[in-house]
Protein chains: 2
Amino acid sequence: MQRATKQRQAIAQAIGQAARPLLPQEILTDAQAAVPHLNLATVYRNLNLLVEEKRVTPVHIPGQATRFEISGHHHHHFHCKACDRVFDIHACSNAISKLAPKDFQVEDHEVILYGRCPSCTPSSHRT
Amino acid sequence: MQRATKQRQAIAQAIGQAARPLLPQEILTDAQAAVPHLNLATVYRNLNLLVEEKRVTPVHIPGQATRFEISGHHHHHFHCKACDRVFDIHACSNAISKLAPKDFQVEDHEVILYGRCPSCTPSSHRT
DNA sequence: ATATGTGCAAAGCATTTGCGGAGAT
DNA sequence: ATCTCCGCAAATGCTTTGCACATAT
C-alpha cells in the first residue's frame, strides 16, 4: 500500500501548482519550501510512481532533462529557443497519425514545436 | 581546416549506408569493420562535427540514446514499441505548425509516431 | 613542421539503486 | 511492530573532455 508522506505531498503539490512542465531539479527546489531536507533521489522515486499511476506525465525535449507535468487531456508542447522554457499547446491535429504508411500501426504520437514564446518575441509592432 | 582521416570516413560511411537512424554504438560497431581500433569518443566527436555541418541530423526518441542519420529533406520518425527501431516517415502535414496560439512564433517542429512497424504487426488477416 | 585528430582514461550529467535508519499505518 | 519510504552515497549509462601521441596537410 502507498503511504502519505510529507515529501510525497510536497512533490505532488509542486507539480500541481506549476503552470508548465518542471524539471526534477525545479520540483526539488519548490518542494523544499515545505520539506527542507528533501532529496533529489526521493523526487525521482516519487516521480516514477506518479508516472506509473498516470497522475503525472513526462515531457521529453531533445537534449534536455525530462520535465514533468500533471496528466491532463492529450496535448503537445512548445519549446522556446530563447528562454528554454516549455509550454503546453492545447491543440492537436488528427492529420498527425495519418502521416505514416498504412502498414505502420500508429498508436500514439508526440509533437514538439520550437520557436519563440510570447515573452521572447521581439515585439515587431514596437518599431 | 578539416582533415580526411580514415576514422572520419568510416563513420560517415556507416551512417550513409544505414537505412535508418543509428545509435553511436551501432555506428561504432559498423565503422570498426574498417577501423578496428576506432573509439566511441571519436565517434561522438565526429558526430558532433557532422551535425554542426548539417551533414547529419540527430534523432531524439524519449528515453533513448540519440540516434543519427544523414540529413535529407524534412521528415518525421516512427518508433516501433515492439522492436525498438526507428523509421523515417517521409511525410509532414502543414497543419502542425498551426497548432500554437498566434503569439507563439513557430520556427520548427518535430513529430514522433509510436506504434508497431510492419514487421511487428500481428498479421490480423491471418486469423 | 604544425595543427588537427585520435585513443584512452577520467570527468560530467541525469537518473537509478543499495542500504541502514526514519516514519506511516 | 511492521513494512514502506527516505536520505545519503555509490553506481549506471550516455556523452564530453584532458592529455600525450599520432597523422594529414
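For clarity, every value in this text was computed on a predicted model and none was experimentally measured. Within every chain, numbering begins at 1; the chains are lettered A, B, ... in the order of the sequence lines, protein sequences first and strands thereafter.
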- The answer to which of A:Ile11 and A:Ala41 contacts DNA chain D further toward the 5' end, by nearest nucleotide, is A:Ile11

- Message: Using heavy-atom distances to pick each residue's nearest nucleotide on DNA chain D, tell me which of B:Pro24 and B:Ala4 is more 5'.
- Response: B:Pro24

How long is the line joining [atom1] of [X] and [atom2] of [N], in whole Å?
X	N	atom1	atom2	answer
A:Asn46	C:dT16	CG	C1'	14 Å
B:Leu40	C:dT6	CG	C1'	13 Å
B:Gln25	D:dC14	CD	C1'	10 Å
B:Lys6	D:dT23	NZ	C1'	8 Å
B:Leu38	C:dT6	CG	P	8 Å
A:Leu23	C:dC13	CG	P	15 Å
A:Leu49	D:dC5	CG	P	7 Å
A:Leu28	C:dT15	CG	P	13 Å

Between [N] and [X], is there an OP1 or OP2 to side-chain N/O distance shorter than 4.0 Å?
X	N	answer
A:Gln7	D:dG7	yes
B:Thr66	D:dC14	no
B:Asn48	D:dT16	yes

- Task: Answer whether the closest heavy-atom distance between the side chains of A:Ile112 and A:Ile61 falls below 4.5 Å.
- Result: yes

- Message: So B:Glu69 and B:Val86, do their side chains get closer than 4.5 Å, heavy atoms only?
- Response: no

- Query: For B:His74, does the NE2 atom sit with more than 12 other heavy atoms under 6.0 Å from it, leaving out its own atoms?
  - Reply: yes

As a test of reading the structure: which of [options] is closest to the side chain of [X], going by heavy atoms?
X	options	result
A:Gln2	C:dT15, D:dC5, D:dC6	D:dC5
A:His37	D:dC8, C:dT16, D:dC5	D:dC8
B:Thr5	C:dA24, C:dT16, C:dG5	C:dG5
B:Thr42	D:dT17, C:dG7, C:dT15	C:dG7
A:Arg3	D:dT16, C:dA24, D:dG18	C:dA24
B:Asn39	C:dG7, D:dC6, C:dT6	C:dG7

- Task: Look only at the side chain of B:Arg116 and the backbone of B:Ala82, and say whether a donor-acceptor pair between them is shorter than 3.5 Å.
- Result: no

- Task: Give A:Arg45 one of three labels, base, sugar-phosphate or nothing, depending on what nucleic acid heavy atoms sit under 4.0 Å from its own.
- Result: base

- Message: Classify the ring geometry of A:Phe104 against B:Phe87: parallel below 30°, tilted from 30° to 60°, perpendicular beyond 60°.
- Response: perpendicular

